[in-house]
Protein chains: 4
Amino acid sequence: MTATDPIKDAVTQARQRQILEAAVTVFAEKGYHRATIRDIARTAGIADGTIYNYFKNKQDVMMNVVLQMAEVSSLMEDVLQAAQTMTPAQLLAMVFQNRLRTLRKNLPLTRAIFPQVVTDSELQQMFFEELLLPNMEKGEAVFQAYRDRHQLGGADPKMIVRGLFSVIFGTIMMALLGDTFILDDTDAFSEQMTDIFLHGLNLDQPEREQ
Amino acid sequence: MTATDPIKDAVTQARQRQILEAAVTVFAEKGYHRATIRDIARTAGIADGTIYNYFKNKQDVMMNVVLQMAEVSSLMEDVLQAAQTMTPAQLLAMVFQNRLRTLRKNLPLTRAIFPQVVTDSELQQMFFEELLLPNMEKGEAVFQAYRDRHQLGGADPKMIVRGLFSVIFGTIMMALLGDTFILDDTDAFSEQMTDIFLHGLNLDQPEREQ
Amino acid sequence: MTATDPIKDAVTQARQRQILEAAVTVFAEKGYHRATIRDIARTAGIADGTIYNYFKNKQDVMMNVVLQMAEVSSLMEDVLQAAQTMTPAQLLAMVFQNRLRTLRKNLPLTRAIFPQVVTDSELQQMFFEELLLPNMEKGEAVFQAYRDRHQLGGADPKMIVRGLFSVIFGTIMMALLGDTFILDDTDAFSEQMTDIFLHGLNLDQPEREQ
Amino acid sequence: MTATDPIKDAVTQARQRQILEAAVTVFAEKGYHRATIRDIARTAGIADGTIYNYFKNKQDVMMNVVLQMAEVSSLMEDVLQAAQTMTPAQLLAMVFQNRLRTLRKNLPLTRAIFPQVVTDSELQQMFFEELLLPNMEKGEAVFQAYRDRHQLGGADPKMIVRGLFSVIFGTIMMALLGDTFILDDTDAFSEQMTDIFLHGLNLDQPEREQ
DNA sequence: TATGAATGAGATTTCATTCAT
DNA sequence: CATGAATGAAATCTCATTCAT
């Protein structure tokens, strides 16, 4: 029974992807609440009921949409690991640019997801544990490494990472709240914030010393 | 024509406040969607229909809850104006602390409001035009003044303000997403971020020169 | 207590007229159901509650609007009585023209009143007993008189009157249902129908004989 | 694309009929406004929501009740076409009798429908375009044919048809307004009105000449 | 596994009417 | 008598979810 038939698994995964793709489209277009299961089913070209063979309920669909972003976001993890050979300056610049560009592409979906993640405690917890926390820990490790290599002043890596994440999430919020200034000139803002952090953390000096 | 009877006005305002207070309570407890008009009415100790004598609809109630926050926020405006006699360091420290402490007190309400502001385009626009933009402009003016007095390097005030607001909104987001680290030690984080910004903007040097 | 103070009575009647006038305006504009008591009060320039000092409820307002039409319609009674010196041809022509012209002026109000009279059994009964039946009886008397004077064939006056009233109400219905043909050329239709009836009832022959 | 599955179509139609039947019952009993969707659903033995799988809203249900009458009324069309072999006298007699008998059977439903058709402009337009106008045009054609065959005097067919329809609608109105005289003796009234029209239009003379 | 019709709980909103001032 | 704020019943409609086929 539980013997995993690889073919069936593949079919199942394909179907799930198909549904999630449709969900992403519809959520981005209408937001979570105004998106109906019927919308998603129609967009996916399947029947309403079929969705319930692959997901527990609407919340579960959203959950998996978010988790899917996790995988995309794990690209970021790779980046962070690869980043251990970078200077802090390079790292910061890259992270800012990467995140802001991603945001600009996905603003409508982001607008649908964030409110729901913040509102739904189950979703929020999942998001925190599966995505936010791991990534923050990655970041802390990187900054700890810098510190160990004396490339960094005495600032607490935890704090630094919070600062970085705050700027990034804050930028997202600003965009969602209607301030287009940052999005209009992503690169300038990235540079500016990179500068501030480098300087502020005294990361520019030690760097050159190397 | 519409000769304003001061007594009736007072009664009306009192009733509105009563409803908004109830709305704040209920929204904070259940979030926007799960909060029903009936909940709010019961909490306010009035009949459902009465709410519609004071607000157009549920969205309008939320709108006014947000606007009410504006008045609280206008405290911030005063602060900003009073701030013109402060050093940048003092200003930054104060703003950070003020905002984070306010946030910590109002986290549940914030959790109800933000998603809705981001989701509802009408609400979002109102929020942007009535609250966000004016406050940003105040901030820009303050930093422009610093710049004119040579207390500030060449950074664009618009950018600086975006940076500051991003950190603040980002911090809110972090809290809403479940990261208690910042909230647990608001003051340390404030200091840290103030430091980074001061340093990063070269605001510490000119200051001393004075 | 019940001593009727003529001054108060006059005031009361004036107020009632004021309300009914407003009601006519609002009913004509919105129809019975979409017209609110508030609409009527605003239009009359008084408070909602005041209406209930002069009328039992909304239905009662409508009832009196209809009764008011009765008085206008009693003009018709006068006409009918005066008509006893007319030839049948003159009478028919006059009645048709009179009714159709009145209709054309009051189409929107008619559109509001008829449905309600037909729907509300109390209103319907009142309308029948106070307006329809008396007028029909007047008509029957007139035609009976014609018959007695041998100006009319053997047709039953009751039937004739039903026929006449049917054409008139039917014309109203046609107009309410959207057929503008009759309304566009009221006079031609009046002539046509007069002709048919005169001819059909052999009213044209005896007439000339006189 | 929308390959029509005949079985599903049949089921759908059956369900629609079931709902409309219930609607007819409830509307006839309570009138449009006091009939609730719940009433109709209960009467049809289904859930409230199910109605919305088959009709857009309550108005749409009424609309289809009226349209359904159209099909019944199309019997009348057949009649009219078959009528081309009849003498005008036969035709008139038949139409009057047919309509009045139908009315007598459906008085309560008629009482519910007419007010709403007159009140709701969308419904009215549909009624006019789908039912009234086509039937009037049929009638005009028939009378034009009579005229061409010199069975009719110089009267304008359009006018004649308006006259006929007015009498019919007027009779309906009289019944709805509480005058039972006509309904009590449908046949006598039919004869009477047929006579008047025949005579009035000089339709009796040419007839005999043939 | 796929379908999609059926379900029915649930929420917003309107508005005639009342009644304290 | 006038006012108009308060009332709360009542009705439409939506949509996530189920389940028989």
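Here the structure is a predicted model, which is why all the values come from computation and not from measurement. Naming: A, B, ... by sequence-line order, numbering from 1 per chain.
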Atom-to-atom span, [atom1] of [X] to [atom2] of [N] - whole angstrom:
X	N	atom1	atom2	value
I19(A)	dA2(E)	CD1	C1'	11 Å
H33(D)	dT14(E)	NE2	P	16 Å
D39(C)	dG4(F)	CG	C1'	15 Å
D9(B)	dG4(F)	CG	C1'	15 Å
I40(B)	dT12(E)	CD1	P	8 Å
I7(D)	dA5(E)	CD1	P	14 Å
Y54(B)	dG4(F)	OH	P	12 Å
M62(C)	dA16(E)	CE	C1'	15 Å

Looking at [X], does any N or O in its side chain come under 4.0 Å of the phosphate oxygens OP1/OP2 on [N]?
X	N	value
N53(C)	dA2(F)	yes
T50(D)	dA5(E)	no
T12(B)	dG4(F)	no
R42(A)	dG4(E)	no
Y52(C)	dC1(F)	no
R15(A)	dA2(E)	yes

Please work out if [X] contacts a base, only the sugar-phosphate, or nothing of the nucleic acid, heavy-atom cut-off 4.0 Å.
X	value
T36(D)	sugar-phosphate
I37(D)	sugar-phosphate
R34(B)	nothing
K56(A)	nothing
A35(A)	sugar-phosphate
F55(A)	nothing

N57(C) or V11(D), whichever maps to the more 5' nucleotide of DNA chain E: V11(D)
Partner nucleotide of dT21(F) by Watson-Crick or wobble geometry (both distances under 3.5 Å): dA2(E)
Pair assignment for dT12(F), Watson-Crick or G-U wobble, requiring both distances under 3.5 Å: dA11(E)
Closest nucleotide among dA5(E), dT7(E), dT3(E) to the I46(D) side chain: dT7(E)
Salt-bridge present (R42(A), D48(A); N to O < 4.0 Å): yes
Student check: side-chain heavy atoms of M62(A) and I113(A) closer than 4.5 Å: yes
Side-chain donor-acceptor pair present, N53(B), T50(B), cut-off under 3.5 Å: no
Cation-pi check, K58(C) onto Y32(C) ring (under 6.0 Å, within 45° of axis): yes
Enclosure of E122(B) CD (heavy-atom neighbours >12, cutoff 6.0 Å): no
Residues, nucleotides or ligands: over 12 heavy atoms within 6.0 Å of Q59(A) CD: yes
Which residue lies more 5' along DNA chain F, comparing K58(A) with Y32(D) via nearest heavy atoms: Y32(D)
DNA chain F: 5'-proximal contact among R38(B) and D48(D) (nearest heavy atom): R38(B)
